[in-house]
Amino acid sequence: MSARNLVLIGFMGTGKSSVGRLCARRLGYRFRDSDVEIERRIGCSIAQFFADRGEAAFRQVECTVISELARRTGQVIATGGGAVLREENVRALRATGFVVLLTATPEVIWQRVGHSQKRPLLAGTPDPLQRIRELLAVREPCYSRAADLQVDTCGLTREAVVERVLAAYREYRQ
Ligand code: S3P
């Protein structure tokens with residue numbers, strides 16, 4: 001049986017990490033969250049790194065981490081919401097496994113993460129919902145192009161999302 005990876009992409013607050021962790025448990029795979037790997041490498045929080053070094057420096061570290069994660073097999077990889085902005089990341093993720101895009105409406109995303117202080121792209125903005133809409137408008141084509149499958153998470157329990165993702169992944173693996 002192939003141990004090609006299962007990759008989760010999508011905007012902040014679409015459930016990549018929680019769904020990814022559950023999928024990994026069910027598959028007996030390791031779970032890797034690119035944001036966690038990045039924080040291990042930079043030695044501080046992503047929010048702090050954004051404040052000190054800026055987004056461009058963050059994207060560089062993210063790119064290195066993704067290329068390293070993509071070299072291993074038997075993993076579920078959850079990526080940060082902006083990972084698809086770099087074509088290099090998309091190529092590496094598509095080459096390493098089956099890419100699932102989790103989606104949600106701007107309103108649902110706002111309810112889930114609109115007040116998060118951990119998300120530097122939303123923290124401190126006067127109108128987080130508007131910011132989410134703007135970022136989504138730019139990113140949606142990148143997400144769609146990168147994905148083998150899309151799962152709309154609105155109105156679904158986390159377990160139901162996991163079932164859909166795993167059913168598609170198992171079919172792909174056969
Ligand atoms: C980002 C999403 C975050 C994190 C960073 C940038 C983005 O990850 O990588 O704050 O550009 O959308 P999550 O999608 O896990 O929140």
Side-chain angles (χ1 to χ4, degrees), residues 5-24 30-70 75-90 92-93 96-97 99-125 127-147 149-154 156 158 161-162 165:
N5 296 319
L6 169 60
V7 177
L8 297 174
I9 62 170
F11 201 77
M12 297 173 257
T14 52
K16 301 174 299 272
S17 300
S18 55
V19 167
R21 191 169 295 110
L22 288 173
C23 286
R30 284 180 309 256
F31 174 64
R32 295 281 185 253
D33 186 321
S34 66
D35 285 342
V36 171
E37 301 299 324
I38 290 167
E39 288 189 333
R40 190 169 295 152
R41 179 160 309 212
I42 61 185
C44 65
S45 70
I46 288 173
Q48 189 62 52
F49 194 75
F50 258 71
D52 295 343
R53 306 273 307 276
E55 182 173 351
F58 169 79
R59 297 292 171 207
Q60 194 52 51
V61 182
E62 182 175 51
C63 191
T64 306
V65 163
I66 286 177
S67 103
E68 286 173 11
L69 290 177
Q75 317 166 101
V76 176
I77 304 173
T79 58
V84 295
L85 293 171
R86 280 206 185 187
E87 197 47 45
E88 196 180 337
N89 295 339
V90 172
L93 293 170
T96 200
V99 180
V100 178
L101 168 63
L102 301 184
T103 66
T105 61
E107 291 74 16
V108 167
I109 290 169
W110 177 73
Q111 281 163 15
R112 291 179 185 166
V113 297
H115 304 285
S116 166
Q117 291 308 309
K118 291 188 188 159
R119 266 90 174 185
L121 293 178
L122 301 180
T125 36
D127 187 346
L129 180 55
Q130 182 55 24
R131 179 92 173 112
I132 290 166
R133 288 202 180 101
E134 288 163 7
L135 288 169
L136 269 175
V138 172
R139 293 177 178 188
E140 253 154 11
C142 307
Y143 287 135
S144 305
R145 262 202 307 274
L149 170 80
Q150 298 195 21
V151 177
D152 180 2
T153 65
C154 293
L156 288 183
R158 201 171 45 182
V161 176
V162 169
V165 172

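Just so we're clear, the structure is a prediction, and the values are computed from it rather than from any experiment. Counting convention: from 1, in listed order, for ligands and their atoms alike.
Close contacts of ligand 1 with L121, meaning ligand atoms under 4.0 Å from a residue heavy atom, involve 7 (C), 11 (O). Interface atoms of ligand 1 facing R139, defined by a heavy-atom separation under 4.0 Å, are 7 (C), 11 (O), 12 (O). Atoms of ligand 1 found under 4.0 Å from any heavy atom of P120 (numbered from 1 in listed order, with element): 10 (O). Which parts of ligand 1 touch G80 is read off a 4.0 Å heavy-atom cut-off, strictly below it: atoms 8 (O), 9 (O), 14 (O).
Within the set D33, D35, I109, the minimum heavy-atom distance to atom 9 (O) of ligand 1 is found for D35.
Under the 30°/60° scheme for interplanar angles, the aromatic rings of Y143 and F11 are found to stand perpendicular.
Looking at E68 and R41, a side-chain N of the basic residue comes within less than 4.0 Å of a carboxylate O on the acidic one, giving a salt bridge.
Partners of T125 by side-chain contact (heavy atoms from CB on, under 4.5 Å), not counting sequence neighbours, listed by chain and number: P128, R131. In terms of the side-chain hydrogen bond (donor to acceptor under 3.5 Å, both in side chains) criterion, residue partners of R133 (sequence neighbours excluded) are, by chain and number, E107.
Residue R59 touches ligand 1 through its side chain alone, judged by heavy-atom distances below 4.0 Å.
Interatomic distance, NZ of K16 versus OG1 of T79, reported as 6.0 Å (0.5 Å rounding).
Scanning all protein heavy atoms for the shortest distance to atom 2 (C) of ligand 1 gives G81 N, 3.4 Å. The protein non-hydrogen atom at the shortest distance from atom 16 (O) of ligand 1 is R119 NE, 2.9 Å.
Remark: side-chain polar atoms of R139 are paired, donor with acceptor, to backbone N or O of G81 under 3.5 angstrom.
For a threshold of 3.5 Å applied to N or O pairs, the pair formed by K16 and ligand 1 contains at least one separation below that value.
By the neighbour-count criterion of 12 heavy atoms within 6.0 Å, atom CZ of R53 is sparsely surrounded, having that number or fewer from other residues, nucleotides or ligands.
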